[in-house]
Amino acid sequence: MRFSTPPGLDDLVEMAEHALAAIPAPLRDLVRGTAILVEDTPDDEITRDMGLESPWELTGLYQGVPLTAKSVGDIPREPDRILLFREPILLEWIETGEDLFRLVRNVLIHEIGHHFGLSDDDIARLEEDD
């Protein structure tokens, strides 16, 4: 996709949907029911809770109970969700020159890793093996 103006929320939602559709079906099936949302920036509460100095530091966030911590006896809670933050993603896109779709895909996959209970270090090791 080429843009003459900054991509909007709907553009990033479309990219995330294409990225999700491209991951292998067995993995995609395991994230079924996980909402994928795009917001402009993390809110003040998320920024504070994550101990960030700036909301521009966070491109994505998994909120929910990782699969490794779920049990069939659990009381249903709010659905798990993956938040992608448009403005920090666009800032990284501008700073790095990385392909925007690839960047959105990488953020989405990173957050899906958290859904599977992987830590940031685990995900970084997997990315190094790529």
Side-chain angles (χ1 to χ4, degrees):
M1 294 182 174
R2 290 222 176 258
F3 297 95
S4 57
T5 60
L9 293 171
D10 291 341
D11 297 315
L12 266 67
V13 167
E14 183 179 341
M15 286 182 213
E17 288 172 353
H18 286 297
L20 184 61
I23 67 173
L27 292 177
R28 193 173 54 247
D29 290 345
L30 291 172
V31 295
R32 183 171 297 153
T34 301
I36 299 173
L37 307 170
V38 179
E39 297 180 0
D40 275 322
T41 58
D43 62 27
D44 292 340
E45 182 180 355
I46 290 172
T47 302
R48 185 180 53 254
D49 289 350
M50 299 286 296
L52 304 173
E53 291 182 25
S54 165
W56 304 103
E57 297 176 46
L58 189 63
T59 56
L61 179 65
Y62 169 76
Q63 292 181 321
V65 179
L67 287 178
T68 56
K70 288 186 179 183
S71 168
V72 293
D74 283 346
I75 297 170
R77 297 184 174 108
E78 291 184 30
D80 294 347
R81 57 192 208 156
I82 294 172
L83 300 172
L84 302 179
F85 298 112
R86 175 184 163 269
E87 291 178 15
I89 288 172
L90 294 180
L91 181 62
E92 186 171 331
W93 174 53
I94 291 166
E95 290 176 345
T96 65
E98 171 124 25
D99 177 76
L100 183 57
F101 174 77
R102 183 177 168 84
L103 182 58
V104 169
R105 185 193 67 197
N106 289 348
V107 172
L108 179 65
I109 289 171
H110 184 96
E111 299 312 324
I112 288 172
H114 289 304
H115 175 70
F116 291 114
L118 301 176
S119 69
D120 284 332
D121 290 339
D122 294 333
I123 294 168
R125 279 192 292 278
L126 288 172
E127 290 172 343
E128 288 172 4
D129 293 341
D130 205 12

Hits for side chain to side chain donor-acceptor pair (under 3.5 Å) against Glu92, two or more places apart or cross-chain, chain-then-number order -> none
Smallest heavy-atom separation, Arg102 atom then Asp99 atom, equals N-OD2, 3.0 Å
NE2 (His110) and CD1 (Ile82) are apart, to the nearest 0.5 Å, by 10.5 Å
Can you give each donor-acceptor pair under 3.5 Å made by side-chain atoms of residues 49-57, sequence neighbours left out, with the distance rounded to 0.1 Å?
{"residue": "Ser54", "atom": "OG", "partner": "Trp56", "partner atom": "N", "Å": "3.1"}
{"residue": "Glu57", "atom": "OE2", "partner": "Glu53", "partner atom": "N", "Å": "3.0"}
{"residue": "Glu57", "atom": "OE2", "partner": "Ser54", "partner atom": "N", "Å": "3.0"}

- Task: Find out if a path of hydrophobic residues (ILVMFWY) with successive side-chain heavy-atom gaps under 4.5 Å connects Leu20 to Val13.
- Result: yes
**Asked** Between Trp93 and Glu98, is there a donor-acceptor pair closer than 3.5 Å when you use the side chain of the first and the backbone of the second?
**Response** yes
So CD1 of Ile36 and CD of Glu111: to nearest 0.5 Å the spacing works out to 10.5 Å
Atom pairs and distances, donor-acceptor, side-chain atoms in residues 37-45, under 3.5 Å, two or more places apart:
{"residue": "Asp40", "atom": "OD1", "partner": "Arg86", "partner atom": "NH1", "Å": "3.0"}
{"residue": "Asp43", "atom": "OD1", "partner": "Glu45", "partner atom": "N", "Å": "3.1"}
{"residue": "Asp43", "atom": "OD1", "partner": "Ile46", "partner atom": "N", "Å": "2.7"}

When rounded to the nearest 0.5 Å, the distance separating CG of Leu12 from CD1 of Ile89 is 5.5 Å
In this structure, CZ of Arg105 is separated from CG of Leu84 (nearest 0.5 Å) by 13.5 Å
Hits for side chain to side chain donor-acceptor pair (under 3.5 Å) against Arg48, two or more places apart or cross-chain, chain-then-number order -> none
CE (Met15) and CG (Leu108) are apart, to the nearest 0.5 Å, by 12.5 Å
Quick one: are Phe85 and Leu61 in side-chain contact, heavy atoms under 4.5 Å?
yes
Checking Leu100, Val107, Asn106 against Val104 for side chain to side chain contact (heavy atoms under 4.5 Å, CB included), the one that qualifies is Leu100
CG of Leu103 to OG1 of Thr59, rounded to nearest 0.5 Å, is 7.0 Å
Any link between Tyr62 and Val31 through a network of hydrophobic side chains (Ile, Leu, Val, Met, Phe, Trp, Tyr) touching at under 4.5 Å? yes
